[in-house]
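This is a predicted model, so every value here is computed, not measured. In the text below, chain A, chain B and the rest are named by the order of the sequence lines, each starting its count at 1.
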Amino acid sequence: MSRHNPLLWPKPPVIWSYGIAVLSVAVALTVSRLPAIHLQDAPVSLFLCAVLLSAWFGGIGPGLFATAVSALAFNYYFLPPTHSLTLKTDEIPRLVIFVVSALFVGSVSAAERSAMESLRRARDDLAEKLRQLQSTNEALQAESRERKSAQESLRRSEGYLADAQRLSQTGSWASVVGEIRYLSEECCRVLGFDPYAGQPLYETFFQRIHPGDQAKFREAVETAERNKADFELEYRFVHPRGELRDIHVIGHPVVSPSGDLVEFVGTVMDVTERKRAEKERERLRQAQADLARVNRMTTMGELTASLAHEVNQPIAAAVTSANSCIRWLDADVPNLEKARAAAARIVNDGTRAAEIISRIRLLFQKGTLQLEVVDVNEVIKEMISLLRGEAMRYAISVYTELASDLPRVMGDRVQLQQVVMNLMINSIDAMKSADGTRELAIKSQRAENEHLVVSVTDTGVGLPPGQADQIFNAFFTTKPHGTGMGLRICRSIVESHGGRLWAAENSPQGASFYLTLPAKFDARREFEAPA
Amino acid sequence: MMADDNRIVFIIDDDASVRASIQDLLEATGLRSESFGTAEEFLRCKRPDGPSCLVLDVKLPGVNGLDFQRRLADAGLRIPIIFITGYGDIPMTVKAMKSGAVEFLTKPFQERDLLDAVQQGLDRDRATREEQANLAELRQRYEALTAREREVMSMVVSGMLNKQIAAELGTSEVTVKIQRGRAMKKMKAGSVAELVKMAGLLDVPSAEK
């Protein structure tokens, strides 16, 4: 920032300084010896000028050097005897005065220069300081701006966090046992504390936990603290106005590098609505299961009714005809003609009954199948979701192992659902009164010859001993209210789909039912084939 | 077996074989019967007068047996009904019996049960018919009474003495006595008590005292 001053250019290198000294003395000598301007008698001022110049530019050294050269030149050229370095005695004072003057001028010039130099340096330093100060100031301002924007973004992100917490109804907290360190606004809201009334005491918090859940809560927290482990539990919490809420809490330990527990941080969530919805869903599932059961029974009932009506018609006719036949024969005068006619009707009715039964069987086997491409895994999943409530009611765990590469089958979805459902209900029924583990496992897998196999395995009472083959017979039942038609119908359905259904004893307990179905079985071909 | 037996059993069942077997059984026990495949046929036919009953299948084409029972009742045809069904449930039975059915039999039924029910139905119908015939004759007799005799009769059955009747009608006690005697004779009533009973059957309004 220094202003440009021709006299204050920076000090040239030393060699240049001495060069300037020689040059200036030479110039002074030349000028003073020019005959045209008649300066032969007064060269001193010119030499002094040369010394001054040299000292100014080069400092003390070049100044002394210029003084010495000037003194020599002065002595040689201007003091008698001229052109000789010898000196007359009376000329010595002149030379001395010259040298003293030159030294004086030189030193003053050098001192002046040096003062100016230091002044300049001081000013440069000052400018430098100022610049540093300014840049520091700028840096400070930038930092302040940055801090401001950081604060702004922190505030915003806190806002987002609060929004997110409010929207998800999830509060966050930090605590050690016996002391609450932090509760987020939403956390306060979830727990029913006033967010602006400061952090509540741990005791206050603990007292609000439903008395029935306090022990559970304390144990979970203490265990987590002892093991420095995560914890998660649900407890009921009493809001100030007496409202009971279900709270789900998750805690995570913060451990110092030395391995000590610093605190727990975590979240709380009000799951009252969710639990209510779950209960509602459970009720719905139950209702569905009940409905399915009723539906199944109704179908069976209707089937039995129409079956009975159809078959009873010719049987009734035959029985009645047999009665009148006896009467014709028993009469005082037996009427053989009438008796024969009655017997002929009996034959017809008996044949008709048999025909009806075979027609019904035909109906069962190859009835009105609604053929479509069916994903058996899907059918299994649907039935599980329908019967999960029923299984839960009897504390039965349901496992599935469904092959992802299961081939699809061509079949009647509703009938296949009926089969899977029937097998599952049988399994559930078999486990209702069984001791020990209650597990229902349903597996599907690809089998040989483009078939798939589904197994339904339970840990129930197992098959009736010695009657494993008979369970598929019509009207065979071990249940107090069973129709004895379920497995019979199941087998008919599976066989009408070109598959097989069989049962096997399970070790150590329970039964397994297996059904195979051909992949994309073409049932139409089967219909056309002669019976 | 009486020659003048005019009893008849009607059978409605859509199953020809059932119809034929029941008809044959009834014939073997000496009962006349007529059978129909549908309810409409039964309604269309000209039924002979005489004690009768109806053996009715619950499940008829086009119409439910229970509904048909109500239709008959609505039309004033009070014929005793024996229901037969291939598959009956309790609510159905209760409904039929409440509506006045004689019996509700499930096929295949016992011969005895059917014959007993038919007999019961015929007896019930005969009784009803006799009652109705009696009532018709009583009405005829009542129609034969003069206006004054009817007046006297209603006063007698309401318990008034001849003297009171005479005062009420403004005639002599002797005249009332003659009219009363005539009414009793025309109604073929042996006593006042019998006349009261007849008035009850005929729904004769009793005079106000």
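- Among residues 18-26 of chain B, the residues having any heavy atom closer than 4.5 Å to a heavy atom of chain A are, in sequence order, B/V18, B/A20, B/S21, B/I22, B/D24, B/L25.
- Here CD of A/Q313 is found 7.5 Å from CD1 of B/I84. Values are rounded to the nearest 0.5 Å.
- Within a 6.0 Å radius of CZ in A/R283, other residues, nucleotides and ligands contribute 12 heavy atoms or fewer.
- Summarising the geometry, atom OG belonging to B/S17 is positioned 11.5 Å from atom CD1 belonging to A/I315; distances are rounded to the nearest 0.5 Å.
- For residues 320-330 of chain A, the interface with chain B (any heavy-atom pair closer than 4.5 Å) comprises A/T320, A/S321, A/N323, A/S324, A/R327, A/W328, sorted by residue number.
- Within a 6.0 Å radius of CD in B/E143, more than 12 heavy atoms belonging to other residues, nucleotides or ligands are found.
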**Message:** side chain to side chain contact (heavy atoms under 4.5 Å, CB included) for A/V311 and B/K107? Distances and angles first, verdict last.
**Reply:** CA-CA 10 Å; A/V311 179; B/K107 294 177 192 173; over 6 Å; no
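- The closest side-chain heavy-atom distance from A/V319 to B/Q110 is not below 4.5 Å.
- Of the two parts of B/L115, only the side chain, counted from C-beta on, holds a non-hydrogen atom closer than 4.5 Å to a non-hydrogen atom of chain A.
- Highest contact tally toward chain A, considering only B/D15, B/D13, B/D57, is held by B/D15 [criterion: heavy-atom pairs under 4.5 Å].
- Using a 4.5 Å heavy-atom threshold, the side chains of A/N335 and B/E27 count as separate.
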